[in-house]
Amino acid sequence: MTHLLDIVLDVHGGLGRWQQARTVCARGSIGGQLWTVHGQTGILNAADMTVDVQRQRVVFAEFTGPELLGVFTPDRVAVETRDGEVVAERTSPRAAFAGQGPDTPWDRLHALYFAGYAMWNYLTAPYLLTWPGVAVEELDPWDGGDEGLRRLRATFPGAMATHAAEQTFSYDDAGLLRRHDYAAEVLGGVPAAHFCEKHMTESGLVFPTHRYVVPIDANGEVLPEPVLITIDLAEISVA
């Protein structure tokens with residue numbers, strides 16, 4: 001691990017505390033233009049999710065129906081009843097995005113895969129940067145308006161469901177995540193800047209509770225709109 005990652009882990013609760021955590025439960029709203037463009041407006045307006053910290057698994061309660069669960073793992077997504085009856089499922093779900101354009105309609109399983117892997121990554125950061133196969137290195141600080149933000153470049157293994165093999169995480173002087181840059185493969189590899197605000201501490205771990213994602217143009221400049229994704233978390237608990 002790099003010295004910066006050591007600092008960031010300590011600020012976000014410490015590696016030992018993350019290793020003890022089993023689940024992170026969060027309630028809030030996930031919105032933005034992305035869902036509308038792909039025909040899934042409002043699908044996660046009321047998001048209630050349980051994230052397994054030590055494995056890639058997320059369960060969304062009341063996913064598309066009051067008695068339904070949306071279950072994400074990297075190799076399978078499914079909509080199930082609370083009794084375990086499978087209503088819809090897809091194996092190898094990432095492959096279902098192949099050949100899609102920027103406005104290709106999604107079904108609920110596309111939305112479940114994207115939201116599932118994304119929220120697992122977001123709610124386990126920075127702990128996921130310590131996972132086997134993840135390589136991190138510190139880059140030069142941002143210039144210009146983001147001057148002072150220290151940056152980590154992370155390279156992820158192919159077996160991990162995430163936005164892209166290479167991503168950049170930027171931290172302020174306090175060690176808090178402020179920006180996350182990536183080009184999501186399932187969205188065609190278009191660069192985006194993901195901003196994090198309103199951090200809260202729960203059971204010793206630190207989480208941003210307000211996030212928003214906007215595009216980056218061909219010159220590397222952040223565009224103020226459209227706002228592709230918004231995430232606002234009202235409740236977080238750790239078990």
Side-chain angles (χ1 to χ4, degrees), residues 12-13 17-18 20-32 34-36 38 40-90 93-94 106-128 131 160-163 177 180 182 184 186-187 194-213 228-239:
H12 288 78
R17 180 68 187 94
W18 280 102
Q20 294 170 356
R22 300 188 308 278
T23 60
V24 175
C25 299
R27 287 186 175 187
S29 177
I30 302 174
L34 176 82
W35 309 101
T36 299
H38 290 288
Q40 296 295 322
T41 301
I43 190 169
L44 291 168
N45 277 354
D48 182 348
M49 68 205 85
T50 300
V51 172
D52 282 21
V53 177
Q54 307 303 335
R55 58 173 176 162
Q56 282 204 285
R57 185 175 187 270
V58 180
V59 177
F60 292 89
E62 300 187 0
F63 182 75
T64 70
E67 298 299 322
L68 298 178
L69 304 176
V71 182
F72 157 82
T73 63
D75 298 324
R76 177 181 178 270
V77 290
V79 179
E80 303 176 353
T81 68
R82 295 188 179 277
D83 295 329
E85 179 184 350
V86 176
V87 176
E89 69 176 331
R90 177 172 292 144
R94 198 176 187 92
W106 285 359
D107 59 27
R108 58 183 171 175
L109 296 177
H110 288 106
L112 176 57
Y113 178 79
F114 180 76
Y117 88 69
M119 293 309 299
W120 185 88
N121 278 250
Y122 303 158
L123 289 173
T124 62
Y127 177 52
L128 84 164
W131 275 47
M160 182 177 287
T162 188
H163 285 307
L177 180 64
H180 178 194
Y182 48 79
V186 300
L187 301 179
H194 175 140
F195 293 93
C196 302
E197 302 173 347
K198 300 180 181 179
H199 295 73
M200 68 171 286
T201 301
E202 175 58 41
S203 300
L205 302 181
V206 178
F207 306 90
T209 61
H210 175 63
R211 298 169 176 263
Y212 63 96
V213 181
L228 302 173
I229 297 173
T230 60
I231 303 170
D232 289 282
L233 302 179
E235 300 177 30
I236 298 176
S237 61
V238 179

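A quick note: this is a predicted structure, and the numbers were derived from the prediction, not measured.
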Y122 vs C196 side-chain heavy atoms within contact, under 4.5 Å: no
Side chains of V53 and V24 in contact at under 4.5 Å (non-hydrogen atoms): yes
OG1-CG distance between T36 and L228, expressed to the nearest 0.5 angstrom: 11.0 Å
Pairwise distance CG(L205) to CE(M200) - rounded to 0.5 angstrom: 10.5 Å
Side-chain donor/acceptor of T73 to backbone N/O of R76, under 3.5 Å: yes
Qualifying residues under ring pair (Phe, Tyr, Trp, His ring centres under 6.0 Å), relative to Y113, sequence neighbours excluded: F72, F97, Y117
Straight-line distance of Q54 CD to Q20 CD, nearest 0.5 Å: 10.0 Å
Side chain W18, main chain G13, donor-acceptor under 3.5 Å: no
Shortest non-hydrogen contact between R108 and Q40, atoms and distance: N-NE2, 4.0 Å
Whether R17 side chain and S203 backbone form a donor-acceptor pair below 3.5 Å: yes
Within-4.5 Å side-chain heavy-atom neighbours: V186 and R94: yes
Heavy-atom side-chain proximity of E67 to T81 below 4.5 angstrom: no
Sidechain-backbone polar pair: T230 side chain, Y212 backbone, donor-acceptor under 3.5 Å: no
Verdict with supporting geometry, L44 and F63, side chain to side chain contact (heavy atoms under 4.5 Å, CB included): CA-CA 8 Å; L44 291 168; F63 182 75; 4.1 Å; yes
Qualifying residues under side chain to side chain contact (heavy atoms under 4.5 Å, CB included), relative to V206, sequence neighbours excluded: H12, L176, H199, T201
Reported CG-to-CE distance for the pair L128 and M160, which is rounded to 0.5 angstrom: 5.5 Å
Pairwise distance OG1(T64) to CD1(I43) - rounded to 0.5 angstrom: 6.5 Å
Exercise: identify the closest heavy-atom pair between A61 and L69: CA-CD2, 3.9 Å
Close side-chain approach of M119 to I231, heavy-atom, < 4.5 Å: yes
For V77 against P93, the heavy-atom pair lying closest together: CG2-CB, 3.9 Å
Whether over 12 other heavy atoms sit under 6.0 Å from R27 CZ: no
Parallel, tilted or perpendicular: rings of F114 and H163 (30°, 60°): tilted
Geometric class of the H180/Y182 ring pair [parallel <30°, tilted 30-60°, perpendicular >60°]: perpendicular
Nearest-0.5 Å distance, CD of residue E80 to CD of residue E85: 10.0 Å
Whether W106 side chain and L112 backbone form a donor-acceptor pair below 3.5 Å: no
Backbone of N121 reached by a side-chain donor or acceptor of Q56 within 3.5 Å: no
Side-chain donor-acceptor pairs of residues 232-239 under 3.5 Å, sequence neighbours excluded:
residue	atom	partner	partner atom	Å
D232	OD1	H210	ND1	2.6

